[in-house]
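Notes follow the structure.
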Amino acid sequence: MNWLLEPLGFEFMQQALIIGLLVSIPAATMSCLLVLKGWSLMGDAVSHAVLPGIVIAFLLGIPAAIGAFVAGLFCAIATGFLDQNSRLKEDTVMGVVFSGMFALGLILFNYVHTNLHLDEILFGNILGVSWQDVLETGTVTALVLTIFLIRSRDIMLFAFDPQQARIIGINTRFLHYLLLVMLSMVIVASMKAVGIILVIAVLIAPGAIAFLLTDRFDQMLLIAILIALFCTFTGVILSYHLNSATAPTIVVLMSLAFIVAFLFAPKRGVLKQKSKNIAIDMK
Amino acid sequence: MEKPSDMENPLADTTGAYALPESGEVVIDSPAERAKIRILQRDSGEHSGYSGISAENVTVIYRNGNIGLENANFEVPVASICALVGVNGSGKSTLFKALMGFEHLSQGSVTILGQAAGKSLAKNHVAYVPQNEEVDWNFPVLVEDVVMMGRYGHMGFLRRPSRTDHQKVDEALRRVNMQHYRARQIGELSGGQKKRVFLARAIAQEACAILLDEPFTGVDVQSEDAIIELLRELRATGHVILVSTHNLGSVPQFCDQVILINRTVLDYGETESVFTRENLQRAFGGSLRLHVLGGDELHEDDDARRVTVITDDERPVVIYDEDHNSKSKQDPGKASEPGGSNLP
């Protein structure tokens with residue numbers, strides 16, 4: 001018990017834990033969509049593309065979050081535009097756009113002298129967040145979660161069968177962009193906690209793990225959120241005792257959870273499949 | 001060709017209380033009203049009086065400048081099953097998309113039950129049964145969840161299913177005989193069962209027009225018969241059903257209407273008059289297998305009649321006698337004859 005409570009005696013640990021938990025909820029929610037819709041690379045792309053936005057926002061004297069959000073969304077929309085107006089496939093276009101934007105961000109970063117630390121942007125600084133950051137992240141969490149839960153049926157149908165979604169009168173184009181906006185918001189909100197390199201882990205792993213464990217969308221959402229909360233909580237506490245970097249600890253725990261699910265999932269796990277095959281062979 | 005007998009009643013009163021509205025003038029906006037019109041339609045025997053699906057001068061040009069469809073015209077009456085027949089790339093999917101309102105028409109118009117395609121969508125008039133390859137079968141949804149998706153258009157903003165929605169789902173599952181599989185994940189079903197689930201979704205949606213894309217691909221013969229039987233039932237209740245298929249042999253078996261398509265509509269209308277050897281050759285050009293067995297090869301006596309077997313790599317259509325109007329019958333098997341020659 002003391003093992004759990006001791007780290008929480010420090011304010012910075014409290015803040016780290018709260019912001020971590022707040023981030024993991026919308027990230028896990030969006031991860032279900034990313035996994036089912038095949039948007040994993042989109043998450044990666046948007047998270048890298050925010051970098052030039054952060055630097056430009058600093059130049060203009062506006063909050064970094066806004067610059068990051070605009071840049072992330074620009075990447076998603078530019079990808080969609082190039083995909084529709086060229087013969088290249090979407091993942092190719094995405095690779096070109098986001099790596100270009102990321103590289104531009106790196107150049108700008110060296111060129112412009114900011115008070116930002118590149119390390120913090122890339123890898124997050126969960127131990128250095130302020131209550132203000134916690135509040136901002138909480139707002140994003142509440143907003144994204146509310147929209148997702150209210151529209152969860154439509155989002156599920158959009159991911160599963162966009163044609164049917166259109167047939168019954170859902171504005172799929174609007175929904176598509178709404179989801180991209182939500183994705184960008186979650187990435188920007190996660191930046192402080194996990195950084196733009198590792199954010200992709202929290203945006204994919206929970207959904208991937210939950211996907212292996214269940215046959216229903218609602219359960220998948222719930223499991224993804226619970227797994228993300230558990231890994232974040234454990235990761236924050238563990239990193240204190242191990243004196244390890246917090247965000248990578250969380251991500252490693254999620255990867256371990258994925259391996260466990262991959263091997264031992266009751267219906268889809270590799271071991272279960274193996275034993276099924278053996279049972280068939282024996283017959 | 002069998003049709004519900006009550007549709008072939010030329011003496012039915014088509015004026016007064018049973019008068020059908022002129023095609024295209026009436027806006028139907030309630031399921032009750034739609035049902036009423038279906039019944040009127042059936043009782044009056046006015047087969048072509050009320051248009052189910054119609055296309056007028058439809059032209060679709062893709063972004064890259066290719067023409068998907070050009071000046072396509074056809075009309076399918078309500079209470080009918082219509083086969084959409086053509087080679088791959090002949091514009092079948094484009095036509096389906098146009099009917100669903102997904103395709104920008106460069107010219108012309110599509111109406112479903114008298115309403116412009118896009119408009120009828122919001123009212124759940126059109127249901128679509130996708131090809132099996134189009135569906136992500138690993139998606140975490142159960143059979144009953146998929147059927148419930150057909151009800152979303154009837155639900156409110158939050159899409160919370162009402163008691164009626166649950167009843168309609170139960171009913172639809174029973175009609176396709178999948179009620180015992182309702183809690184299965186959709187990937188755990190056979191090809192025919194998968195198809196029936198999506199058909200149940202169309203039934204639960206209470207659409208008047210049902211579009212099926214290659215419903216018999218990857219489906220066992222038993223399921224195929226069950227699906228055909230179900231389509232006949234739906235026809236009897238006034239639905240208009242459009243089936244795109246390569247399964248030429250089954251077309252005369254259950255379709256009373258045919259649309260032949262190759263970048264434009266070559267011909268449409270009653271199966272007997274449209275689904276002919278000449279028309280099929282026109283629609284398929286060289287991409288169809290044709291076998292003609294006749295005279296000495298076929299008969300011991302001096303019967304000069306010949307058997308024509310036409311196949312698009314699936315169930316073949318067998319036309320007995322050169323004079324195709326006399327008789328057409330089914331080949332029971334799915335396998336096509338070996339050693340056939342391509343059409344010139």
Side-chain angles (χ1 to χ4, degrees), chain A residues 31-33 35-39 81-88 146-173 175 207-224 261 265-268 273 276, chain B residues 63-64 93 96-97 99-103 112 117-131 134-146 148-161 183-188 198 201-202 204-207 209-211 213:
Chain A
S31 77
C32 292
L33 173 78
V35 167
L36 293 174
K37 189 82 189 151
W39 273 8
F81 177 81
L82 288 172
D83 176 43
Q84 281 175 9
N85 291 284
S86 75
R87 54 187 296 187
L88 294 166
T146 309
I147 297 175
F148 203 99
L149 291 185
I150 286 179
R151 305 313 293 154
S152 73
R153 300 275 133 212
D154 288 10
I155 291 170
M156 173 180 81
L157 186 56
F158 172 67
F160 176 63
D161 189 348
Q163 297 205 77
Q164 177 72 8
R166 281 179 78 173
I167 281 183
I168 63 162
I170 295 173
N171 186 340
T172 48
R173 183 181 289 262
L175 193 57
I209 296 163
F211 181 70
L212 294 173
L213 295 176
T214 177
D215 281 340
R216 297 197 87 165
F217 184 72
D218 294 349
Q219 289 174 6
M220 182 175 166
L221 274 180
L222 189 65
I223 293 174
K267 206 162 144 190
R268 312 214 177 291
Q273 302 279 356
K276 246 191 236 167
Chain B
R63 203 186 285 267
N64 59 16
S93 343
F96 266 16
K97 283 191 185 137
L99 291 175
M100 292 187 278
F102 297 171
E103 207 72 75
I112 288 160
K119 209 178 160 195
S120 52
L121 291 178
K123 291 173 180 164
N124 293 301
H125 279 4
V126 183
Y128 175 65
V129 178
Q131 289 190 45
E134 284 176 48
V135 178
D136 175 6
W137 296 106
N138 288 319
F139 204 92
V141 281
L142 307 183
V143 166
E144 59 184 0
D145 298 333
V146 172
M148 188 58 91
M149 288 173 188
R151 299 298 305 166
Y152 284 6
H154 299 271
M155 297 178 194
F157 183 73
L158 291 177
R159 313 264 184 229
R160 295 247 306 256
R184 289 272 189 100
Q185 195 268 333
I186 52 169
E188 298 164 10
F198 278 85
R201 184 175 79 175
Q205 192 184 323
E206 297 182 299
I210 302 178
L211 313 180
D213 200 355

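As a basis for the values below, the full set of heavy atoms in this structure was taken, side chains included, without hydrogen atoms, waters or symmetry mates. Below, read A as the first sequence line, B as the second, and so on, with proteins coming before strands; counting in each chain starts at 1.
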### Task
Mark yes or no: A:Arg166 above the aromatic ring of B:Phe102, with NZ or CZ under 6.0 Å from the six-membered ring centre and no more than 45 degrees from the axis.
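Geometry flag: set, cation within 6.0 Å and 45°.
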
Tell me, side chain or backbone of [X] under 4.5 Å from chain B's heavy atoms, or both, or neither?
X        : value
A:Ile170 : side chain
A:Gln84  : both
A:Ala159 : both

### Qualifying residues under salt bridge (charged side-chain N to carboxylate O under 4.0 Å, His left out), relative to A:Asp154, sequence neighbours excluded
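Here the qualifying residues are A:Arg151, B:Arg159.
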
#### Entry: Test salt bridge (charged side-chain N to carboxylate O under 4.0 Å, His left out) applied to A:Asp215 - qualifying residues, sequence neighbours left out
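For A:Asp215 the salt bridge (charged side-chain N to carboxylate O under 4.0 Å, His left out) partners, ignoring immediate neighbours, are A:Lys267, A:Arg268.
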
### Query
Do B:Pro161 and B:Arg151 have side chains that get closer than 4.5 Å, going by heavy atoms?
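The answer is no, as the side chains (C-beta and beyond) never meet within the 4.5 Å cut-off.
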
### Message
Report which part of B:Phe96 has an atom under 4.5 Å of a heavy atom belonging to chain A: side chain, backbone, both, or neither.
### Response
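Interface part for B:Phe96: neither.
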
### Message
With a 4.5 angstrom heavy-atom cut-off, is it the side chain or the backbone of B:Arg201 that approaches chain A, or both, or neither?
### Response
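Side chain only.
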
### Query
When only pairs under 4.5 Å are counted, which of A:Asn85, A:Asp161, A:Thr214, A:Val35 shares the most heavy-atom pairs with chain B?
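Looking at each of A:Asn85, A:Asp161, A:Thr214, A:Val35 in turn, A:Asp161 comes out on top.
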
### Query
Between the main-chain N or O of B:Gly187 and the side-chain N or O of B:Gln185, is there a donor-acceptor pair closer than 3.5 Å?
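Judged by distance alone, yes, a pair lies under 3.5 Å.
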
### Message
I'd like to know which of B:Val141, B:Ile186, B:Asp136, B:Val146 tops the heavy-atom pair count under 4.5 Å against chain A.
### Response
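The residue among B:Val141, B:Ile186, B:Asp136, B:Val146 with the greatest pair count is B:Val141.
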
### Message
For the residue pair B:Glu134 / B:Tyr128, report whether a side-chain donor-acceptor contact shorter than 3.5 Å exists.
### Response
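Their side chains do contain a donor-acceptor pair, which is all the 3.5 Å distance test asks for.
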
